[in-house]
Amino acid sequence: MADRAKILGTLETLAIGVAGGLLFLWLNLPGGLISGAMAAVGFAALAGRPVIMPAILTQSVLVLLGITLGSLVSRQLIQHMSAYPLTIGLLALATFCSTFGSSFYLQRVHGWDQTSALLAGSPGALSQITMLAAEKGADVAAIAVVQTMRVIILTAALPLLLALTGIAPTAPAEVTSLTASPLELAVLAAAAVGVALLLRLAKFPASWMFGAMIASAALHGTGLIEGGLPPWMRGVALVGIGAVIGTRFARIKKSTLLSHINAGLGSFAVAILISAIFVTVIMLTTHVRFADVVVAFAPGAMDAMLALALTLHIDPIFVGAHHLSRFVFVSITTPGIVHLFGRPQEDVDD
C-alpha cells in the first residue's frame, strides 16, 4: 500500500507539474516551464496533496539538465573565463556579507538566536545547513522556511525581472537547435551517468548535475558530438526541476510557514540588496553581461539557478562556476562561522 501511494503521489506530482508548466508556457511567461511547474506543485503541497519526487526521478532530471547545460559550451562562452577569478572572489565576499546581513536582520527584527539566524542567512547548501542546524540545536523548521522561500521567490521572480527589463538574451544558443543522433544520445547518456557516479563517489557537490554537465561539455567542446537533447527532453528537465523545487513545501507545515513568512521575506530583501551592491561593482569593473552576473550572484539553489540559466539563454558555464564556488565556500566556512559567532555548544545542550 505504501508503494502504491508513493507511485500515485509521484504521478499526481508529475501531472500537476506538467499542467502548471504548460499553463505558464501558454501565457508566454519567461521561464514558463520551470516556474509554472514549481508554482503548481508548491500550491498543491500547501493544499495538502501528497506531492513527491522519488530520488531516481530527481537524479534523472538533474542528469538531463546537466547534459543540456553542457551542450551549450562554446569557445565564445569560454572566452569569459578570464573574468572568473575577480567575480568569484567578489562572490565569496558577497556571500559573507549576505550571511551576516541577513543574520543581523533576523536577530534584531525577529528575535532569532544567533545560530539559527546565521544558518538561515547562509545562501545555498540547504542539505548541509539543515544537518548543521540539527547538530547545533538550531530552529530547523524556521531555517527551512527562510531558505525555501528564498529559492522559490528567486525562481519565480528572476525570469520576470530579466524579461520586463529587457536584460535577458532573447535568442538561444545555436547548439540547442541541433538534436544529436540516437547513437550520440546514447554516448551522451552513458558518459553523463559515468562521470556523475565518479563525482558522487568523490562526494562532489551536486554530482548528478555537474557530472552530466562536465561529460556533455567535454564531448561538445571537443566536437565529438554536435547536437544536444531533443526539445521535448529539455522540456522534461525543466518541468522536472520545477516540480522538485515545488515539493519542498510538502516538508513544511502551513502553520510553520505562516509564522516565519515575514522573517523569510525580510531576510531575502536584505540578501538581495547586498548582492545588488556587488553586482553593481562587477558591472562597473568588468565586461561580463549583466544577466549572467545577476543569475550567478542570485542567492538561490544551484539546480534552480542553472535551470534558469538554461531557460533564459544565459551563460551556463559562468553561472555554474559561481554557484559551485559559493556552495563550496558555504560548506567550508559556515561551520566555522557558527562555531565562532553562534551560541556556545553548552548553551545549546542546556
Expected list for residues 12-22: side-chain donor-acceptor pairs under 3.5 angstrom, two or more places apart:
| unit_1 | atom_1 | unit_2 | atom_2 | d |
| --- | --- | --- | --- | --- |
| Glu12 | OE1 | Arg49 | NH2 | 3.1 |
| Glu12 | OE2 | Arg49 | NE | 2.7 |
| Glu12 | OE2 | Arg49 | NH2 | 3.3 |
| Thr13 | OG1 | Gly9 | O | 2.7 |
| Thr13 | OG1 | Ile52 | N | 2.7 |
| Thr13 | OG1 | Ile52 | O | 3.3 |

Could I get the full list of side-chain hydrogen bond (donor to acceptor under 3.5 Å, both in side chains) partners for Ser103, not counting sequence neighbours?
Gln107
Considering residues at least two apart in sequence or located in another chain, which fulfil the ring pair (Phe, Tyr, Trp, His ring centres under 6.0 Å) criterion with Phe100?
Phe96, Phe341
First locate atom [atom1] of [X], then atom [atom2] of [Y], and finally report the distance between them rounded to the nearest 0.5 Å.
X	Y	atom1	atom2	value
Leu265	Arg150	CG	CZ	11.5 Å
Met38	Leu33	CE	CG	12.5 Å
Met213	Thr68	CE	OG1	11.0 Å
Asp113	Leu106	CG	CG	10.0 Å
Leu238	Ile241	CG	CD1	9.0 Å
Leu93	Ile274	CG	CD1	10.0 Å

For Val41 and Ala243 the tightest heavy-atom approach is CG1-O, 3.7 Å
With [X] via side-chain contact (heavy atoms from CB on, under 4.5 Å) - residues at least two apart:
X	value
Leu273	none
Ser102	Ser98, Ser267, Val270, Ala271
Leu23	Trp26, Leu27
Ala196	Trp208

Beyond-backbone contact of [X] with [Y], side-chain heavy atoms, under 4.5 angstrom:
X	Y	answer
Trp112	His260	yes
Leu185	Pro230	yes
Val239	Ile34	no
Thr179	Pro231	yes

Sequence neighbours left out, what passes salt bridge (Lys or Arg N to Asp or Glu O under 4.0 Å) with Glu184? Give chain and number order.
none
For the pair His322 (side chain) and Phe318 (backbone), establish whether a donor and an acceptor sit closer than 3.5 Å, ignoring hydrogens and angles.
yes
Among residues two or more places apart or on two chains, list those pairs meeting side-chain hydrogen bond (donor to acceptor under 3.5 Å, both in side chains) that have a residue in residues 187-202.
none
Starting from Leu197, can I reach Leu219 by hopping between I/L/V/M/F/W/Y residues whose side chains sit under 4.5 Å apart?
yes
Once salt bridge (charged side-chain N to carboxylate O under 4.0 Å, His left out) is applied, what residue pairs with a partner in residues 265-280 remain, sequence neighbours excluded?
none
Can you say whether the rings of His110 and Tyr105 are parallel (under 30°), tilted (30 to 60°) or perpendicular (over 60°)?
perpendicular
